[in-house]
Amino acid sequence: MSRSSSGRWAFRQRVPLDLKPVFGCHLLKRSLRTNDLPLARVRALLLAASYARLFGLLRDQRVAKLSKDRRGQVLVDA
């Protein structure tokens, strides 16, 4: 987690090496939309679990590449 200058917390997740070509990036960053640290921790745990499931699904389906639009949709749904 990291905190912006405005005080909002953000969650950062490294993309696993084998999935970097799928995402086209090495780091995923998402706002936790809160200034409250305890709430940010809970939201970060939920996001981490969602990303872990997503990474597992992408590996199982052997996805080669996500389009930019589809990548945005998948990350919003996570």
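For the numbers below, each heavy atom of this structure counts, side chains included, while hydrogens, waters and symmetry mates do not. These numbers come from a predicted model, not from an experiment.
Leu57 belongs to no hydrophobic cluster, as no Ile, Leu, Val, Met, Phe, Trp or Tyr side chain comes under 4.5 Å of its own.
From Asp36, atom CG reaches atom CZ of Arg43 across 8.5 Å, with rounding to the nearest 0.5 Å. To the nearest 0.5 Å, the span separating CZ on Arg14 from NZ on Lys20 amounts to 8.5 Å.
For the pair Leu47 and Leu32, the minimum side-chain heavy-atom distance is below 4.5 Å. Side-chain contact between Asp18 and Arg59 is present, with heavy atoms from C-beta onward closer than 4.5 Å. In this structure the side chain of His26 never reaches within 4.5 angstrom of the side chain of Leu17, judged on heavy atoms.
In terms of heavy-atom proximity, Leu27 sits nearest to Val15 at N-CG2, 4.1 Å. Smallest separation of non-hydrogen atoms from Ala44 and Met1: CB-SD, 3.6 Å. For the pair Ser2 and Lys29, the tightest heavy-atom approach, listed with the atom from each and the gap, is OG-CE, 4.2 Å.
By the neighbour-count criterion of 12 heavy atoms within 6.0 Å, atom CZ of Arg12 is sparsely surrounded, having that number or fewer from other residues, nucleotides or ligands. Atom CZ of Arg3 sits in a crowded spot, with more than 12 heavy atoms from other residues, nucleotides or ligands closer than 6.0 Å.
Note on Leu46 and Trp9: separate hydrophobic clusters, where clusters join Ile, Leu, Val, Met, Phe, Trp and Tyr whose side-chain heavy atoms are under 4.5 Å apart, directly or indirectly. The hydrophobic clustering, which links ILVMFWY residues whose side-chain heavy atoms are closer than 4.5 Å, places Phe55 and Leu45 apart.
Using the six-membered ring where Trp is involved, Phe11 and Tyr51 have ring planes that are parallel, under 30° apart on the 30 and 60° scheme.
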